[in-house]
Protein chains: 2
Amino acid sequence: MPEEAAQSPRRRAGRPRSVVLDRELIARAALKLVSTHGYSTLTMSAVAKSLGVSPSALYNHVDSKQELMQWIQEIVMDGVDSSVFATHALDEALFRWAQSYRDVFAEHSPLIPMIAVLPVSGSPRTLEMYEAVAGGFVRAGWKPESIVPAIVALESFIFGSALDATAPLDIFNPGQYAGKLPQFEGALDAQRATGKNNSETAFLTGLAAIIGGLLVAGTNN
Amino acid sequence: MPEEAAQSPRRRAGRPRSVVLDRELIARAALKLVSTHGYSTLTMSAVAKSLGVSPSALYNHVDSKQELMQWIQEIVMDGVDSSVFATHALDEALFRWAQSYRDVFAEHSPLIPMIAVLPVSGSPRTLEMYEAVAGGFVRAGWKPESIVPAIVALESFIFGSALDATAPLDIFNPGQYAGKLPQFEGALDAQRATGKNNSETAFLTGLAAIIGGLLVAGTNN
DNA sequence: ACCTGAACACCGTTCAAGT
DNA sequence: ACCTGAACACCGTTCAAGT
């Protein structure tokens with residue numbers, strides 16, 4: 001199997017014979033593993049196996065599993081649509097950007113605790129995204145010092161919502177406490193009667209609320 | 001050391017001689033470990049050691065480490081102030097509740113990915129909290145079907161903000177990309193010049209925005 | 001009923017040895 | 001330069017054996 005990978009591109013003269021692994025290959029293999037079998041199956045061993053290589057071989061190309069997960073983040077970040085800030089009004093752009101951001105990380109929620117804490121300097125695509133978002137705020141006439149807090153507030157909501165999106169549908173079922181929580185259960189029944197997905201409704205109404213609320217505060221005072 | 005624990009309370013006649021472990025003791029030991037040395041040191045082995053017992057002994061009282069973490073959650077949840085809904089107007093109550101909620105889980109962020117996905121039926125204190133919050137919405141005249149999505153949206157923002165609160169202060173430092181992101185770096189400099197903690201500002205302005213935005217939508221239409 | 005000690009089935013990571 | 005295989009230092013968890 002390694003031969004297949006080594007022979008497929010026509011080799012330039014003087015190049016080493018069979019370079020099998022590199023960052024791109026490892027990251028893609030990891031992403032494929034995660035996409036098909038979930039993050040619980042993402043082990044260095046499994047990644048190595050899918051590449052037909054021994055686990056220790058990976059450490060010639062990656063420092064740690066943590067770094068490998070940052071590589072995955074970088075690829076995943078490509079799915080976030082930051083182009084809308086160049087084409088739409090700020091409120092509409094924020095709405096679309098936030099939705100793509102949440103949808104992407106709902107599928108990769110194990111990355112969230114890591115991203116929330118990691119310096120952005122390690123992720124050029126994240127920085128590109130921030131540049132696009134900040135540009136949208138600037139063009140809308142925002143006070144400069146209010147822009148970064150607004151972005152962070154939106155991101156907090158987005159990450160929290162992405163985590164929530166992975167929750168089971170019956171997460172609010174009171175179980176043995178049924179009948180003892182009149183106010184909450186009434187609210188729960190009314191929500192259920194709408195037939196809508198609660199996580200989705202919460203995200204959309206919350207997003208509209210926070211964007212609306214921020215826009216009121218961000219330009220005036 | 002086990003003798004000390006066994007002899008301290010006067011024993012009622014007929015009681016077994018030296019019951020050392022129980023749920024409360026284990027949970028408190030785990031919480032103490034976490035509070036003093038952080039979640040990275042929370043291993044079954046470390047908990048056992050702090051109790052002067054072998055790791056396998058714990059499994060006579062707890063099913064898994066996951067369950068132990070739920071016990072910690074239950075204790076931690078006590079630090080969230082839900083009493084404000086009985087004493088304050090909805091907007092003010094939401095503000096105070098959310099702040100205590102975020103502050104508590106900023107110190108216990110590793111619990112967040114677990115909580116976001118776990119059925120609330122396992123946590124009576126969480127259910128009590130929901131009952132108090134829902135009561136606040138009901139008394140403020142909210143449409144019943146809008147209450148649960150509002151709570152979930154607020155919780156998503158709170159959990160996301162609690163994760164963000166653990167981030168290093170210089171998380172946005174562009175590093176080697178300095179000078180290439182004019183809009184974002186301008187916004188960053190302006191925020192820095194305020195001298196305020198960015199995470200705190202983001203939480204407070206975001207919270208005001210989402211509460212304000214929700215209150216506009218929740219009662220009218 | 002509850003504890004100990006050994007064992008199991010994993011992890012991520014290191015490193016000497018090979019090519 | 002890059003791979004293999006053995007080894008290390010952990011995890012959480014199980015289980016037979018003791019009291």
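Chain letters run A, B, ... following the sequence lines, proteins first and then strands; every chain starts at 1. For clarity, every value in this text was computed on a predicted model and none was experimentally measured.
In this structure, His108(A) and Tyr39(A) have perpendicular ring planes: the angle between them is above 60°, well past the 30° mark.
dC10(D) atom C1' lies 14 Å from atom NZ of Lys49(B), rounded to whole Å. Distance Asn60(B) CG to dC2(C) P: 7 Å, rounded to the nearest Å. For His61(B) and dA1(C), the NE2 to P distance is 11 Å, given to the nearest whole Å. Regarding Asp22(A), its CG atom lies at a distance of 15 Å from the C1' atom of dC3(D), rounded to whole Å.
Closest non-hydrogen pair, Ile115(A) versus Ile171(B), comes out as O-CD1, 4.4 Å.
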Along nucleotides 12-19 of chain D, 5' to 3', which nucleotides get a B, which get an S, and which get a -, given that the test is a protein heavy-atom distance under 4.0 Å? SBBB----

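Between the side chains of Ser199(A) and Asn197(A), no donor-acceptor pair of N or O atoms lies under 3.5 Å.
Expressed to the nearest 0.5 Å, how far CZ of Phe172(A) lies from OG of Ser121(B) amounts to 11.5 Å.
No side-chain heavy atom of Phe159(B) sits under 4.5 Å from any side-chain heavy atom of Asp164(A). Side-chain contact between Glu155(B) and Leu163(A): absent, with no pair of heavy atoms (C-beta onward) separated by less than 4.5 Å.
Under a cut-off of 6.0 angstrom, the local environment of CD in Glu200(A) is crowded, with over 12 non-hydrogen atoms contributed by other residues, nucleotides or ligands.
Paired regions of DNA chain D, where each region holds three or more successive Watson-Crick or G-U pairs whose two hydrogen-bonding distances fall under 3.5 Å, are C:4-8 with D:12-16, C:12-16 with D:4-8.
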